[in-house]
Amino acid sequence: MKLEELLYTTYGFDTFRPGQREVIEQVLQGKDVIALLPTGMGKSMCYQLPAHLLTGSVLIVSPLLSLMQDQVAQLKKMGEKSVVAINSFLKPEEKEKIWSQLGSYRFIFVSPEMLVQPFVKKQLQRIRISLLVADEAHCISQWGFDFRPDYLRIAEILPVIGHPQILALTATATAKVTEEIKGYLQLKEPFVYKHAMDRPNIAYDIKRFLTSKEKQDWLEEFVLQSGGPGIIYTGTRRKSQELADVLASLGISAAYYHGGMEHQDRIFVQQQFQNGELDWVCSTNAFGMGVHIADIRHVIHFQLPTSIEGYVQEIGRAGRDGKPALATLLYAEGDEGLMGSLVMDELPTRREIDELAAAKGDARRLVDEGIVRETAYRVGSYWLSRLSLEETHQQIESLQRGKLKQIDKIKKFIHFEGCLREYLLSAFEQDLQKKPANCCSNDGIDYSRFIISKAKNDKSTIDNWQTRLNGLLPLA
DNA sequence: CGCCCTGCTGGTAACAGCAGGGCGGTGCCTTACT
């Protein structure tokens, strides 16, 4: 069957989006592939379509349980019944059933943490897997070294399942991240598809203030006169709640979102936002992955992001519909403090490594006693089980130097006087092909194109009707 | 950096007031024993 026919019968589409055909063809030729495709441009199709032509199962490593659930639901909606997500939500009896019929699933979703468990490995060994997919593969670099070390262990499954071919999918990866994906997934001469990263419809804006107070005053005024939907990223959970409360008191429909909330509450906020019932979400960087909203008009950073890559991912959630969108970074003097401290506290300290090394088999106890942080325990144990104590110290110091560079790039960005678009692209080793009219604050932005009078929360009834009429009448 | 918590200080004791230290953000996974 021709690929287009399969595309039509499976999805009802006539043509592929940029990159999809190239990636799918390489996958079908049996090659390892790293696919850098823009968000919302059908990355999942790159493994779903080949799955129909491959004989065995497709194993997908996914970073978030919610993302897995989404994709399972999406596949089921399309009529695909042989889908399963293996994670801690499963009840023991469900697990038993899944193990007994594992080979019959076409799509198997799993977290990296599950994947490295000996029992899970043993189960996967029994079945035939044709393709291993690393979804959101930049997480290997973004999380593997300091947060979720099991992300560095994905390749351990390869000899167990007979070295299937591998497809790594992501929207944003620098040359360094691409190399790390290649190394940690043990890819053999992969085909790399790389899209042009520039998003011409997003204007990049930096606003500098002397105090946090001025910054917040500006935000309140801006949100009052701007239409949503928009995301406001904060540096702490507390701040996300504070801002949401302030905006709500001004009559704006806003909610907060962060990793410390109950799972149900997180889903609820995300769904409300997705259904257009909320104009603004004030959130930590927990919000975003797996959020599919095409018409986000504003992404505002109230505090500094912790990396340029993270920043590009976050602002990339704006304007997926191709219409003008504004990415605004707010900076008040002293904001580097929080950002720098968050970034530098990511890795285990020298003391924590020494404690872990001294405790040997009983290291877990150090976490319970509050001597070593949970994350430091997992990251530290990962390196100590592979390297000597001295080498571990050296490894952490080398990662530490990487963090300093990361911080430096953010600091340079805030005070950069050239084209912000070029600056961001250069982090991904790309040059700007064509400068859009509304490029960045250093080149001048015509804000009238972005600030939309808002009908829903406008206190003036006249303006309210005026806005609605303007919306109804064709433009003169 | 800016906050919150802890513990010290003074000196009828109680507690107000302040200094110093720690912390802040991303998420998987908890398969036993009383």
Side-chain angles (χ1 to χ4, degrees), chain A residues 61-69 85-96 99 109-120 122-123 136 138-154 209-213 215-216 233-242 256-263 266 282-290 301-307 309-311 313-314 331-347 349 351 364 367-368 370-371 373-379 381-382 403 406-407 410-411 414:
Chain A
V61 184
S62 175
L64 304 178
L65 300 182
S66 61
L67 215 58
M68 279 184 218
Q69 309 287 57
I86 300 169
N87 56 46
S88 57
F89 287 165
L90 296 173
K91 299 181 191 95
E93 60 269 25
E94 290 176 313
K95 274 190 187 170
E96 227 160 273
W99 300 136
F109 290 87
V110 70
S111 67
E113 286 81 3
M114 270 288 176
L115 188 68
V116 299
Q117 292 201 14
F119 181 75
V120 176
K122 212 180 267 176
Q123 296 298 320
E136 307 288 355
H138 61 276
C139 292
I140 292 170
S141 287
Q142 187 175 302
W143 282 345
F145 298 106
D146 53 34
F147 185 48
R148 293 174 66 179
D150 288 338
Y151 249 108
L152 303 182
R153 297 177 54 196
I154 294 174
F209 301 89
L210 287 175
T211 65
S212 301
K213 169 89 172 59
K215 192 169 72 170
Q216 186 156 333
Y233 281 109
T234 61
T236 62
R237 295 173 176 182
R238 169 182 291 271
K239 200 75 199 172
S240 74
Q241 296 192 17
E242 251 177 59
Y256 63 86
Y257 182 104
H258 58 68
M261 291 161 61
E262 290 294 326
H263 191 71
R266 290 176 66 163
C282 305
S283 163
T284 62
N285 60 355
F287 190 72
M289 239 196 279
H301 281 75
F302 189 75
Q303 279 150 325
L304 294 178
T306 49
S307 73
E309 287 107 302
Y311 181 64
Q313 280 160 28
E314 283 157 8
Y331 165 76
E333 267 180 42
D335 280 356
E336 303 91 334
L338 172 65
M339 180 264 303
S341 146
L342 280 180
V343 174
M344 295 319 286
D345 283 352
E346 283 173 341
L347 291 161
T349 60
R351 181 193 60 79
R364 177 73 231 191
V367 177
D368 299 334
I371 298 167
R373 297 165 297 168
E374 164 82 39
T375 313
Y377 160 72
R378 271 177 293 105
V379 172
S381 305
Y382 172 84
K403 298 281 179 198
Q406 187 180 322
I407 291 172
I410 302 271
K411 288 185 182 169
I414 316 164

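Worth saying up front: this structure is predicted, and the values here are computed from it rather than measured. The sequence lines fix the lettering, A, B, ..., with proteins before strands; numbering per chain opens at 1.
Comparing B:dC3 with B:dG25, their P atoms sit 14 Å apart, to the nearest whole Å. Distance noted for atom C1' between B:dG22 and B:dC28: 26 Å (whole Å). A distance of about 28 Å separates the C1' atoms of B:dG27 and B:dG21, rounded to the whole Å. Distance check on atom C1': B:dG17 versus B:dG11 gives 15 Å, rounded to whole Å. Only the C1' atoms considered, B:dG7 is 36 Å distant from B:dT30, to the nearest whole Å. B:dC29 sits 23 Å from B:dC33 when the P atoms are compared, rounded to a whole Å.
The side chain to side chain contact (heavy atoms under 4.5 Å, CB included) test with A:Thr234 singles out one residue from A:Lys239, A:Glu242, A:Gln241, and that residue is A:Lys239.
Among the heavy atoms of the strands lying under 4.0 Å from A:Gly235 are primed sugar atoms or P, OP1, OP2 only; no base atom is included. Counting non-hydrogen atoms under 4.0 angstrom, A:Glu336 reaches nothing in the nucleic acid. Using a 4.0 Å heavy-atom cutoff across all strands shown, A:Gln117 reaches at least one base atom of the nucleic acid. A:Pro92 comes within 4.0 angstrom of no nucleic acid atom, judged by non-hydrogen atoms across all strands. Nucleic acid contact for A:Arg378: base, since at least one base atom lies under 4.0 Å from a heavy atom of the residue. Residue A:Met289 is out of contact with every strand shown, counting any heavy-atom pair closer than 4.0 Å.
Place A:Arg373 and A:Gly334 on DNA chain B by their nearest nucleotides, and A:Gly334 ends up nearer the 5' end. The 5' end of DNA chain B is approached more closely, in terms of each residue's nearest nucleotide, by A:Ser212 than by the other of A:Asp345 and A:Ser212.
Environment of CD in A:Glu93: crowded, with over 12 heavy atoms of neighbouring residues, nucleotides or ligands closer than 6.0 Å.
Within the structure, salt bridge (Lys or Arg N to Asp or Glu O under 4.0 Å) pairs that include any residue of residues 138-150 of chain A comprise A:Glu113-A:Arg148, A:Asp146-A:Lys403, A:Asp150-A:Arg153 (at least two apart or interchain).
Considering only residues two or more places apart in sequence or on other chains, A:Lys91 meets the side chain to side chain donor-acceptor pair (under 3.5 Å) condition with none of them. For A:Arg266, there are no salt bridge (Lys or Arg N to Asp or Glu O under 4.0 Å) partners at least two apart in sequence or on another chain. In this view, A:Tyr331 and A:Glu336 satisfy the side chain to side chain donor-acceptor pair (under 3.5 Å) rule, not counting sequence neighbours. With sequence neighbours excluded, the residues that form a salt bridge (Lys or Arg N to Asp or Glu O under 4.0 Å) with A:Glu374 are A:Arg364, A:Arg378. Listed by chain and number, the residues in a salt bridge (Lys or Arg N to Asp or Glu O under 4.0 Å) with A:Glu333 amount to none (sequence neighbours excluded). A search for side chain to side chain donor-acceptor pair (under 3.5 Å) contacts involving A:Tyr311 returns nothing, not counting sequence neighbours. Every ring-ring contact (aromatic ring centres under 6.0 Å, His included) that A:Phe145 has, sequence neighbours left out, goes to A:Tyr184. A search for side chain to side chain donor-acceptor pair (under 3.5 Å) contacts involving A:Thr349 returns A:Glu352, not counting sequence neighbours.
The glycosidic torsion of B:dT31 lies more than 90° away from 0, placing the base in the anti range.
Counting only Watson-Crick and G-U wobble pairs whose two key distances fall under 3.5 Å, DNA chain B forms stems of three or more stacked pairs at B:1-10 with B:15-24.
Side-chain contact check for A:His301 and A:Glu314: at least one donor-acceptor pair (N or O, by modelled atom type) lies under 3.5 Å.
On the nucleic acid side, DNA chain B contacts chain A at distances under 4.0 Å to non-hydrogen atoms, with the end points of that region at B:dC1 to B:dT31.
A heavy-atom distance below 4.0 Å to DNA chain B is reached by these residues of residues 146-153 of chain A, ordered by number: A:Phe147, A:Arg148.
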